[in-house]
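Scroll down for the structure; my scribbles are underneath it.
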Protein chains: 2
Amino acid sequence: MNSPEEVVDFIYNGHQRFLPHLSIDCVIFGYHDQQLKILLIRYHDQEHWSLPGGYVERQEGLTAAAHRILSEKTQLTNLYLQQFYTFGDSPTRLNRIEIQDNHNKVYAKANVAIDEEHWLSKRTLSVGYYALVDYHEVSVTPEFLVVDYAWVDVNAVPSLQYDHNEIIDKALLTLRSQLYQQSVGYNLLPEKFTLSEIQALYEAILGKPFDRRNFRKKMVALGVIRQLDERRKIGPHRSPYLYDFNLENASKLQEAGGVIF
Amino acid sequence: MNSPEEVVDFIYNGHQRFLPHLSIDCVIFGYHDQQLKILLIRYHDQEHWSLPGGYVERQEGLTAAAHRILSEKTQLTNLYLQQFYTFGDSPTRLNRIEIQDNHNKVYAKANVAIDEEHWLSKRTLSVGYYALVDYHEVSVTPEFLVVDYAWVDVNAVPSLQYDHNEIIDKALLTLRSQLYQQSVGYNLLPEKFTLSEIQALYEAILGKPFDRRNFRKKMVALGVIRQLDERRKIGPHRSPYLYDFNLENASKLQEAGGVIF
DNA sequence: TCCCTATTGCGTAAACTTTACAGAATAAAA
DNA sequence: TTTTATTCTGTAAAGTTTACGCAATAGGGA
């Protein structure tokens, strides 16, 4: 929604297009500067940051909705996207006054207001999805009501709107537990990478250091990655071998399932 | 809902009490006769069996709703209950004609019908919860529209309504992956049990046999169970030692997380 | 050109965990 | 008393994980 007119249309007619009482919130993970980061947005006149999210169309599949919302926000399609939990317990989700107030502060920018009977004033449950994106490929779509966006380190997430901190916590837990089952790295790293790079990624996600030699041994033994015959010339010193993901083994890993380190 | 009047009231006034477009489906696991079983119900004039389910009240927490629904169906409170996934992709969930038809066949028993604009005719997403119950404690509440119920072996689940087979599959996968994290056995077995009993339970859930000696070694070493000083007199032959769950260790196990066998 | 240094590359021993496997003990029934 | 079904327990081998150190070298600086 990039103009006041679109916002007004959404507020007046959105109930025809979308299901009420239900939203999708996306925890978008990207990796940059040796840090695992999350994309946050801030709406007009809101103190707290939020997760990007959206609504489900009346005849749209849930997964399809999550993909649509994500591509609307980041211009990326075919992302790695996983549902992880549905949130509907937080008292902040039940406080209609606060919900209506927050909405109205935001919509003031488009000179509209909603009353307490409006569909957007109502309590919503939110289905949480996490996405893994290539940090460099993301270009956040400018939206009329979104005044700011930021990538924040998962270890320095500020206090967010509603229960979004809780959503992030759960997303991280899920991501960690699926680190080996799914080829998580595949979606966060370039096609080819050095051992140090993938180790740093795993350390950022799991929040603990590994021994380089043992890390390599295990990743290669498990068939997660493959050493290539190629080296890369980097910075001041030596040129390390490149690796890539061994996607043929993905299914075996899925069977093995679960946390390995 | 135990009378036609209650059903009629639900159909006419339910939209005031419940959120539309959203239901909860419960996969209720019980253990009996060395088999892991699931509670299914069948509604009036429906060919296929269904999972027990219900709706979320407008001002009710999601978890609270799941507990309420479960206690309404089984008379049990304080059950072990876990959300595992939200289902909203199956084409059968989007087919309004079929949904309305099925409802009307059921409601015919109460001499009511709904039109396509009725809230119950609309597409719903369903939040899946699984419950672990003591098979012997369950007494299924008689309901006017429910003509039958049955405990079926997880390995012999018939073809169910909508996407309920898919829901069960996912519930089982989740249960298996959480077998050690959570004290699953605690909720499916009596307080004290023999080694053979818990081994049979684990075999039923994971669908594969274990070596008795290794199983005991591991369960005791992990601190999941404790051998007691007590024996039980059972059937024809020897009286085995009893064990109980070592709940003090539950948190440690949670950290360890994941599938162990 | 040579030396220094930061980084990468590689291997082995010890500790621990998992698997495989069999025979002795005993309660109850015949 | 004998038989039988069931439970009880231990050890060796294989595999996995952890801990740890040194040699090689590309690039920068003297």
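Labels below follow one simple rule: chain letters A, B, ... track the order of the sequence lines, proteins then strands, and each chain is numbered from 1.
Between the side chains of B:Gln75 and B:Ser139, no donor N or O sits under 3.5 Å from an acceptor N or O. At a cut-off of 3.5 Å, with distance as the only test, no side-chain donor of B:Tyr31 or B:Glu197 sits close to an acceptor on the other residue.
D:dG27 atom P lies 14 Å from atom CZ of A:Arg232, rounded to whole Å. For the pair A:Asn214 CG and C:dA14 P, the computed distance is 16 Å after rounding to whole Å. In this structure, A:Tyr243 places its OH atom 8 Å from C1' of C:dG9, rounding to the nearest Å. Counting to the nearest Å, the P atom of C:dC10 and the CD atom of A:Gln199 are 15 Å from each other. Distance, A:Glu197 CD to C:dT8 P: 10 Å, rounded to whole Å. The CZ atom of B:Phe193 sits 16 Å away from the C1' atom of D:dT7 (whole-angstrom rounding). Rounded to an integer number of Å, the gap from A:Phe215 CZ to C:dC10 P is 16 Å. Summarising the geometry, the separation between CG on A:Leu242 and P on C:dT8 is reported as 12 Å, rounded to the nearest angstrom.
Residue-level contact check: A:Ser196 touches the backbone only, with heavy atoms under 4.0 Å from sugar-phosphate atoms and none from bases.
The phosphate of D:dC8 (OP1 or OP2) has no side-chain N or O of B:Arg216 nearer than 4.0 angstrom.
In the interface, the side chain of B:Arg213 is paired with the base of C:dA22 through a donor and an acceptor atom under 3.5 Å apart. A donor-acceptor contact under 3.5 Å links the side chain of B:Lys217 to the base of C:dT19.
With B:Thr74 as reference, B:Val138 is the one residue of B:Val140, B:Thr141, B:Val138, B:Val133 to meet the side chain to side chain contact (heavy atoms under 4.5 Å, CB included) rule. A side chain to side chain donor-acceptor pair (under 3.5 Å) with A:Tyr243 is found for one member of A:Arg226, A:Arg216, A:Glu230 and no other, namely A:Arg216.
Each of A:Asp211 and B:Gln227 has a nearest nucleotide on DNA chain D; the 5'-most of these lies closest to B:Gln227.
Checking C:dT19, D:dT17, C:dC10 against every side-chain atom of B:Lys218, the shortest atom distance belongs to C:dT19. In the set D:dC8, D:dC20, D:dG10, the nucleotide with an atom closest to the side chain of B:Arg212 is D:dC8.
Taking a 6.0 Å sphere around CD of B:Gln227, one finds it holds more than 12 heavy atoms contributed by other residues, nucleotides or ligands.
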